[in-house]
Amino acid sequence: MLAGLAAAARLAAAGWRLVRADALLPRELRPLYPPALVRLSRLSGLLAGPGARRGRPGERLARCLEGLGPVAIKFGQLLSTRADIFGVEFAGDLARLKDRLPPFPAEIALREVAEALGRPADSLFSRFGPPVAAASLAQAHEAWLHDGRRVAVKVLRPGVERRVEADARVMTLAAGLAEALAPDARRLEPRALAASVIDSVRRELDLRLEAAGGDELRGIMARDGYMSAPAVVWEGVGRRVLTLEWAQGAPLSHPASLESPGIDRAALATNLIRAFLVQALDHGVFHADLHEGNLFVSAPDRIEAIDFGIVGRLGPDQRRYLAEILWGFLQRDYDRVARIHIEAGYVPERHAAGDFAQALRAVGEPIFGRTARDVSMSRVLIQLFEITGQFDMHLRPELVLLQKTMMTAEGVARSIWPDLDIWAAADPVVRRWMARELSPAARLGRLGEQAGRVLSRLSALAEAPPPVPAPRRGPGPAVFLAGTALAAALAALAVAASAL
């Protein structure tokens, strides 16, 4: 009861703070709003206070989010990657939320390190420097091991766990209110979305999990070369402390990083898109927090990623749906894209595939093959929202991280190279996946795997103790023999597939 009242009070205070700063629906962005939000923006403007006149809308929003807690800051980081939607100036003002928040003293960090590792910090580090970056959940220090290696030491902020739990209650309450008071928002599944975000932030509070995710992704990235990751220093890992070898290059969050001699912006942007798609499609494991503060670049087109607190995962079916949807758009085969949406359950079967394909064509054709400079992504998103609403397409909670990461990666790539053609960058990765996974040999191989599973289950049934005799109903032995014959036929197909 008291926790609920506290969450309601914090939510009301947050809303009032945003309104007073004219940061909730800032007047400067009214040309982007639909009519209903324009009216609401004008109403909230009447309640704005003196802070509404200090700074640009992005600066006002950044100040508010910084004081509202880690989850709010994460939301601001996402917005800062979409200069194509909100404008370069607005996104740049929010960029300070990525790694330039106020740090806590190095003395406190050293105490946290000693407690987390169970030994004095100087037993591992010969030098431990001041903080070099401070984000919403943790800050990073430059340090050196006794063997001379330069490392980055990530330390959680003191008391951050309590802040996250308080934020979680507020976000859960806000999601419930959105479902109750805004019927149009219900298809976005606010409660499920909030639960997904909260769960991902909670996982970030155990840096042992981040170390494991970073180690796994480092091996995956090394296979294709589009992106890399620093090695984990396992003796410097604890629940609240993570030690990595020092990342090579300049932080992408610093504007000067793209002005370094020899930097190939077009190749960098292309590599970022392809790295994400390779991770998601080929391996089903992807870095799910690809904002500029987590990326380091060096000439000509090298990208090194850090911060593996959020790792996304996709099952085989989700990977196939994603690949086929992307392939359909690349081929401008909107009928195929529509069928996949219905097969996956993203669009209810009561809608005709042809009607949905027609709607998709209205969105896809005006932007296909055009560069980022020529496309208004805010208008595209508004049109997509309207169309998917007409076809009762709900947000899929299991795909929230994928959709959020796709949006972030695309926004960062566009900021690196505004002339990037997203479809051209994606084409070779998706084409390779389709050729490998949907070829006749691959299909027969999967059929063989299914045959193996059938045989295994039939074998287990045969070895099970006989059941208590019951009145015979139907052709029991005949069904068993037919199943065995089917499994044998599938096995034969698997052998044929392996020979292709």
With a 4.5 Å limit on heavy-atom distance, are the side chains of [X] and [Y] in contact?
{"X": "Met171", "Y": "Ile198", "value": "yes"}
{"X": "Leu124", "Y": "Leu145", "value": "yes"}
{"X": "Phe276", "Y": "Met406", "value": "yes"}
{"X": "Trp327", "Y": "Arg431", "value": "yes"}
{"X": "Met227", "Y": "Asn271", "value": "no"}
{"X": "Met221", "Y": "Glu216", "value": "no"}
{"X": "Leu258", "Y": "Leu252", "value": "yes"}
{"X": "Leu11", "Y": "Leu177", "value": "yes"}

Check this for me, if you would: do [X] and [Y] make a salt bridge, where the nitrogen-to-carboxylate-oxygen distance has to be below 4.0 angstrom?
{"X": "Glu343", "Y": "Arg320", "result": "yes"}
{"X": "Arg319", "Y": "Glu324", "result": "no"}
{"X": "Arg202", "Y": "Glu161", "result": "no"}
{"X": "Asp224", "Y": "Arg432", "result": "yes"}
{"X": "Arg63", "Y": "Glu66", "result": "no"}
{"X": "Glu245", "Y": "Arg149", "result": "yes"}
{"X": "Asp282", "Y": "Arg436", "result": "yes"}
{"X": "Asp206", "Y": "Arg239", "result": "no"}
{"X": "Arg203", "Y": "Glu210", "result": "no"}
{"X": "Arg414", "Y": "Glu410", "result": "yes"}
{"X": "Arg302", "Y": "Glu304", "result": "yes"}

Partner residues of Phe128 under the ring pair (Phe, Tyr, Trp, His ring centres under 6.0 Å) criterion, sequence neighbours left out: Phe125, His141

Minimum heavy-atom separation for [X] to [Y], with atom names?
{"X": "Pro230", "Y": "Ala305", "answer": "CD-O, 3.2 Å"}
{"X": "Leu244", "Y": "Val233", "answer": "C-CG2, 4.2 Å"}
{"X": "Ile306", "Y": "Gly293", "answer": "CD1-O, 4.2 Å"}
{"X": "Leu272", "Y": "Ile303", "answer": "N-CD1, 3.8 Å"}
{"X": "Ile73", "Y": "Leu65", "answer": "CG1-O, 3.4 Å"}
{"X": "Ala288", "Y": "Gly312", "answer": "CB-N, 3.8 Å"}

Between atom [atom1] of [X] and atom [atom2] of [Y], what is the distance when rounded to the nearest 0.5 Å?
{"X": "Leu420", "Y": "Leu268", "atom1": "CG", "atom2": "CG", "result": "11.0 Å"}
{"X": "Leu110", "Y": "Asp122", "atom1": "CG", "atom2": "CG", "result": "9.0 Å"}
{"X": "Phe286", "Y": "Ile310", "atom1": "CZ", "atom2": "CD1", "result": "10.0 Å"}
{"X": "Asp301", "Y": "Ile416", "atom1": "CG", "atom2": "CD1", "result": "11.0 Å"}

Which residues share a side-chain contact (heavy atoms from CB on, under 4.5 Å) with Glu112, sequence neighbours left out: Ile108, Val155, Pro158, Arg240

Looking at Phe308 versus His287, is the centre-to-centre ring distance below 6.0 Å? yes

According to salt bridge (Lys or Arg N to Asp or Glu O under 4.0 Å), does anything in residues 264-277 pair up with another residue at least two apart or in another chain? List the pairs. Glu259-Arg265

For the side chain of [X] and the backbone of [Y], is there at least one donor-acceptor N/O pair under 3.5 Å apart?
{"X": "His254", "Y": "Ala256", "answer": "no"}
{"X": "Arg10", "Y": "Ala166", "answer": "yes"}
{"X": "Arg336", "Y": "Gln331", "answer": "no"}

